[in-house]
Structure formats: structure tokens, C-alpha cells
A.B. asks: 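Got a structure for you, questions after.
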Amino acid sequence: MKQLAQLFAIDIAFHAELANHLHNVVRNRLDIVATWSDLEVVRRWLTINLLIKSKDGKIREVSENEVRVPACDPECVAEVRIRLSRPSVFMESLCEHVARRCNQEDGVSGHFWEGRHGCRNLVDDAATMVCGVYLDLNQNE
């Protein structure tokens with residue numbers, strides 16, 4: 001999760017990993033993704049896709065040649081830039097990565113999360129703090 005968050009323009013404010021589910025309070029950082037060059041945006045996106053599909057969970061560096069071709073398409077770069085700051089895309093990537101690794105470990109295939117993904121918009125600091133306190137106090141669900 002930390003590896004993915006570092007590749008996205010996402011801050012993890014609170015996190016709780018329980019026996020059968022997890023909770024994350026994240027913040028998207030549009031200000032950060034706006035500072036990245038087109039090459040950096042494409043490099044991060046390709047790295048995320050390689051990490052999600054990796055069998056060992058390790059980040060593989062992307063070559064300059066792999067980055068250069070998609071970076072020449074401004075529409076593609078603009079879409080990827082938006083995706084790199086969306087919490088739903090971050091969670092989708094995290095869930096896919098966890099599902100692939102767990103299915104590999106168990107020697108099975110198919111749906112792991114069964115569509116159990118929800119997202120709530122925390123509109124101010126008070127809502128974020130209340131949600132964070134809830135996570136901290138309910139670690140044993």
C-alpha cells in the first residue's frame with residue numbers, strides 16, 4: 001500500500017487492516033500531480049501496472065523507451081494524470097494487487113473481494129478526524 005501511495009498523488013491519513021477487511025482514509029493531492037512532468041506521469045503509471053501484476057510485490061524500473069512513446073500523446077497523459085490523483089483508482093489498484101498476491105498464495109483464481117469496495121467523501125478536517133478516531137478505536141472488528 002505504501003509503495004502504491006508513493007506512486008500515486010495520494011496521502012494515507014489513517015489505515016486499519018483487520019482480519020477480513022481494511023479501512024483507509026486517503027487524500028488526493030492534485031497539487032502534487034500537477035507538478036509532475038509528462039514523462040514522470042507515464043513512468044509512474046507504467047510502474048503501478050507492473051507492481052499490480054508482479055508476483056513478488058517488488059517495483060521494477062521502467063525503461064526510458066517504455067515511457068517515451070505514451071508520453072507523446074497529450075490526451076493519454078492528461079487522463080493518466082487525473083487517474084493518478086483519484087482515490088478510487090488507488091483503491092482499485094491496491095485491491096487488485098492484494099487479490100493477485102493472495103490468489104497466487106492460495107493457488108486459486110477468481111474474485112477475491114467480491115465487489116466489496118466503498119468510498120465516502122470526507123468534506124472537512126472534522127469528518128476526517130472522526131473517521132480516523134473510529135479506525136483507531138475499532139482495530140479489533
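These figures come from a predicted structure and were not determined experimentally. All values below come from the heavy atoms of this structure, side chains included, with hydrogens, waters and symmetry mates left out.
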A.B. asks: Please name the pair of heavy atoms, one in Ser93 and one in Ile48, separated by the smallest distance, quoted to 0.1 Å.
C.D. replies: OG-CG2, 4.2 Å
A.B. asks: What about Ile82 and Val77, same hydrophobic cluster or not, with Ile/Leu/Val/Met/Phe/Trp/Tyr joined at side-chain heavy-atom distances under 4.5 Å?
C.D. replies: no
A.B. asks: Evaluate the side-chain proximity of Arg83 to Phe90: yes if any heavy-atom separation is below 4.5 Å, no if none is.
C.D. replies: no
A.B. asks: Check whether Ile32 and Val41 end up in the same hydrophobic cluster, where Ile, Leu, Val, Met, Phe, Trp and Tyr are linked by side-chain heavy atoms less than 4.5 Å apart.
C.D. replies: yes
A.B. asks: Would you say the side chain of Asn24 lies within less than 4.5 Å of the side chain of Leu135, judging by non-hydrogen atoms?
C.D. replies: no
A.B. asks: Evaluate the side chain to side chain contact (heavy atoms under 4.5 Å, CB included) criterion for residues Tyr134 and Met129: first the C-alpha distance (whole Å), next the side-chain angles of each, then the deciding distance (0.1 Å), finally the verdict.
C.D. replies: CA-CA 9 Å; Tyr134 171 80; Met129 197 54 90; over 6 Å; no
A.B. asks: Check the pair Glu40, Arg81 against salt bridge (Lys or Arg N to Asp or Glu O under 4.0 Å), reporting the backbone distance first and the verdict last.
C.D. replies: CA-CA 10 Å; Glu40 181 66 11; Arg81 189 179 300 275; over 6 Å; no
A.B. asks: When you look at Val42 and Asp38, which way does the side chain to side chain contact (heavy atoms under 4.5 Å, CB included) test go after all the steps?
C.D. replies: CA-CA 6 Å; Val42 172; Asp38 291 354; 5.7 Å; no
A.B. asks: Heavy atoms only: give me the nearest Leu30-Ser85 pair and the separation to one decimal.
C.D. replies: CD2-OG, 3.1 Å
A.B. asks: Cys131 and Leu122: which non-hydrogen atoms are nearest, and at how many Å?
C.D. replies: CB-CD1, 3.9 Å
A.B. asks: Main chain of Cys76, side chain of Glu79: is a donor-acceptor contact present, judged purely on distance under 3.5 Å?
C.D. replies: no
A.B. asks: Within the supplied structure, the quantity of interest is the number of heavy atoms (other residues, nucleotides, ligands) at a distance under 6.0 Å from Asp124 CG; does it exceed 12?
C.D. replies: yes
A.B. asks: Compare all side-chain heavy atoms of Glu96 with those of Met91 and state whether any distance is below 4.5 angstrom.
C.D. replies: no
A.B. asks: For the residue pair Val89 and Leu84, establish whether any side-chain heavy-atom pair is separated by less than 4.5 Å.
C.D. replies: no
A.B. asks: For Asp73, enumerate each residue passing the salt bridge (charged side-chain N to carboxylate O under 4.0 Å, His left out) test, keeping only those at least two apart in sequence or located in another chain.
C.D. replies: none
A.B. asks: Contact between Ser54 and His97 at the side-chain level, heavy atoms closer than 4.5 Å - yes or no?
C.D. replies: yes
A.B. asks: Tell me the closest heavy-atom pair linking Pro87 and Val26, and the distance in Å.
C.D. replies: CB-CG2, 3.7 Å
A.B. asks: Would you say that more than 12 heavy atoms from the other residues, nucleotides or ligands in this model lie under 6.0 Å from the NZ of Lys53, or not?
C.D. replies: yes
A.B. asks: Would you name the heavy atoms of Val62 and Arg43 that are closest together and state the gap between them?
C.D. replies: CG2-O, 4.1 Å
A.B. asks: Can you list, pair by pair, the side-chain donor-acceptor contacts under 3.5 Å of residues 3-12, counting residues two or more places apart and other chains?
C.D. replies:
from, atom 1, to, atom 2, distance (Å)
Asp11, OD2, Arg27, NH2, 2.9
Asp11, OD2, Arg29, NH1, 2.9

A.B. asks: Provide the full list of ring-ring contact (aromatic ring centres under 6.0 Å, His included) pairs with a residue in residues 36-89, sequence neighbours left out, each pair given once.
C.D. replies: none
A.B. asks: Within the 4.5 Å heavy-atom criterion, are Met1 and His15 side-chain neighbours or not?
C.D. replies: yes
A.B. asks: Are Val123 and Thr128 side-chain neighbours, meaning at least one heavy-atom pair lies under 4.5 Å?
C.D. replies: no
